[in-house]
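Structure first, commentary second.
Computed from a prediction, not measured in an experiment: that's the story for all the values here. In the text below, chain A, chain B and the rest are named by the order of the sequence lines, each starting its count at 1.
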Number of protein chains: 2
Amino acid sequence: MATGSGGGDDPFLGYVLDEQVGFLLRKAYQRHMTIFARSTIGGLTPTQFSTLFRLFAEPGPISQNALGRLVAMDAATTKGVISRLENQGLLTTQKDPNDKRRYLLQSTEKGRALIRDAIPVVKGITEATLEPLTKAERETFLRLLAKLC
Amino acid sequence: MATGSGGGDDPFLGYVLDEQVGFLLRKAYQRHMTIFARSTIGGLTPTQFSTLFRLFAEPGPISQNALGRLVAMDAATTKGVISRLENQGLLTTQKDPNDKRRYLLQSTEKGRALIRDAIPVVKGITEATLEPLTKAERETFLRLLAKLC
DNA sequence: CGAGAATTGTTTGTGTACAAGTGAATTTTT
DNA sequence: AAAAATTCACTTGTACACAAACAATTCTCG
């Protein structure tokens, strides 16, 4: 006698795509990016905002690759992100006199002003992303999520 | 009396990048992709695997866009993923006689064999991704994560 | 000091991901 | 049945993300 829609053994071997971490992480991040894109912070993407914020938070100048690592980007990705931020006049690059391989990055006043204005907006984005969870659930979720990084 | 490293008001207005959902989701998914890439399932990416698995799980033929929606991809992304799977001989496309706009997709025996072989591997990938969490934490995390999709 | 190792920034190529627009075909509405 | 709206597949352009390779520079260690 056939079982359910297939018959015999479970052809999917108990694998349910919609319950897999990877699939859910991808969908959750997609949803977050959609929320982010709706809010337009001077047209910045999540990655661009994170990068500019990290630079903003740095006490002094920092090299390109070093900044990229602080935002979890590889060197190739960093190159593109920095170029786009520089083209928008949000940061400046200058040769490091002490290490001729390096470019030192610094946020411009325009960049810093954008970050300051953006803080309340990105707080709202975080709130909107976590909206389906209760306050207690949010704490739990963020604590566990941080363990998976 | 100065507070912390700066003095006076908090210049970051209480915004800590490493505690934001978006930033953590991005990093967690990056980590998952790294684990996935290490395991090589016939060279498939997470998205390609999800797409082929969904097609595998479909009872009959399905159109390209419809399959894409089941995997949370837009039409443009779907086009590229399907092309690559087709080039590898993992699925076939044929014109729908009843709707001349549509291409009907079907997994090939090669595609189905790949999925069957891959199931234990992707189960290991899920396990490795969730490894930092206890069994109870995993259930909680997946339940909350699903709410954010 | 000098050879090998490591780091910095860059480029190229591949693979998602989305926006915006196209033309063909189908469905819905009137 | 004709008009309007929708759907399907596709294309172009932009933006991450990683692998792999490269030259220039700096560091390390014998």
Side-chain angles (χ1 to χ4, degrees), chain A residues 22-23 25-38 40-52 61-88 93-105, chain B residues 22-23 25-38 40-52 61-88 93-105:
Chain A
F23 190 70
L25 282 173
R26 172 168 153 269
K27 288 217 295 177
Y29 186 56
Q30 277 181 16
R31 173 166 164 275
H32 174 257
M33 286 193 294
T34 301
I35 293 170
F36 201 105
R38 256 207 308 273
T40 52
I41 302 172
L44 293 190
T45 65
T47 304
Q48 287 170 14
F49 171 80
S50 295
T51 304
L52 195 57
I62 185 176
S63 79
Q64 183 173 297
N65 282 1
L67 180 59
R69 281 190 292 270
L70 289 178
V71 191
M73 300 184 295
D74 73 351
T77 302
T78 303
K79 160 74 176 145
V81 174
I82 296 297
S83 293
R84 284 182 283 276
L85 291 173
E86 189 180 11
N87 289 342
Q88 293 176 62
T93 67
Q94 72 181 97
K95 271 245 154 73
D96 183 341
N98 298 119
D99 187 336
K100 288 179 222 152
R101 295 168 304 179
R102 286 192 170 117
Y103 283 104
L104 294 181
L105 309 182
Chain B
F23 190 70
L25 282 173
R26 173 168 153 268
K27 287 217 295 178
Y29 186 55
Q30 277 182 16
R31 173 166 163 274
H32 174 257
M33 284 194 294
T34 302
I35 293 171
F36 201 105
R38 255 206 310 271
T40 53
I41 301 171
L44 293 190
T45 65
T47 305
Q48 287 171 13
F49 171 80
S50 295
T51 304
L52 195 57
I62 185 175
S63 79
Q64 184 172 296
N65 282 1
L67 179 58
R69 281 191 293 270
L70 289 177
V71 191
M73 302 184 294
D74 73 351
T77 303
T78 303
K79 159 71 176 150
V81 174
I82 296 296
S83 292
R84 285 181 282 277
L85 291 173
E86 188 180 12
N87 288 342
Q88 294 176 62
T93 67
Q94 72 182 94
K95 270 245 156 69
D96 183 341
N98 298 117
D99 188 335
K100 288 178 223 155
R101 295 169 305 180
R102 286 193 170 116
Y103 284 104
L104 294 181
L105 309 182

Give me the first and last nucleotide of DNA chain D, going 5' to 3', that has any atom under 4.0 Å from a heavy atom of chain A.
D:dA15 to D:dT26
Residue met sooner reading DNA chain D from 5', once B:Asn65 and A:Thr47 are mapped to nucleotides
B:Asn65
Length of the CG-P vector between B:Leu44 and C:dT14, whole Å
17 Å
Check: B:Thr93/B:Glu86 side-chain N/O donor and acceptor closer than 3.5 Å
yes
Identify whether any heavy atom of A:Asp74 sits under 4.0 Å from a base atom; if not, whether one sits that close to sugar-phosphate; answer base, sugar-phosphate or nothing.
base
When the distance from CD of A:Gln64 to C1' of C:dT7 is rounded to whole Å, what number comes out?
13 Å
State whether the number of non-hydrogen atoms from other residues, nucleotides or ligands found under 6.0 Å of A:Phe36 atom CZ is greater than 12.
yes
Nearest-nucleotide 5' precedence on DNA chain C, A:Arg101 against A:Lys79
A:Arg101
In terms of the nearest nucleotide of DNA chain C, which residue is placed more toward the 5' end: B:Thr77 or A:Leu104?
A:Leu104
Once you apply a heavy-atom cut-off of 4.0 Å, does B:Ser63 come out as touching a base, just sugar-phosphate, or nothing?
sugar-phosphate
If I take atom CD in residue A:Glu86 and atom P in nucleotide C:dG9, what distance separates them, rounded to the nearest angstrom?
13 Å
Residues in residues 29-38 of chain B with a heavy atom under 4.0 Å of DNA chain C, by number, are none
Whole angstrom is fine here: how far is it from CG in B:Leu85 over to P in C:dT16?
8 Å
Any sub-3.5 Å donor-acceptor pair from A:Arg26's side-chain atoms to B:Ala72's backbone N or O?
yes
Would you mind reading off the distance between B:Asn87 atom CG and C:dG15 atom C1', rounded to a whole angstrom?
13 Å
With no hydrogens and no angle check, is any side-chain donor or acceptor of B:Thr78 less than 3.5 Å from a backbone partner on B:Asp74?
yes
Donor-acceptor contact below 3.5 Å, side chain A:Thr51 vs main chain A:Thr47
yes
Rounding to a whole Å, what distance do you find between A:Leu67:CG and C:dG9:P?
10 Å
Treating B:Thr45 as the side-chain partner and B:Gln48 as the backbone partner, does any N or O pair qualify as donor plus acceptor under 3.5 Å?
yes
Mind calculating the distance between CG (A:Asp99) and P (C:dA6) to the nearest angstrom?
17 Å
Distance check needed: C:dG15 P versus B:Gln48 CD, whole Å only.
7 Å
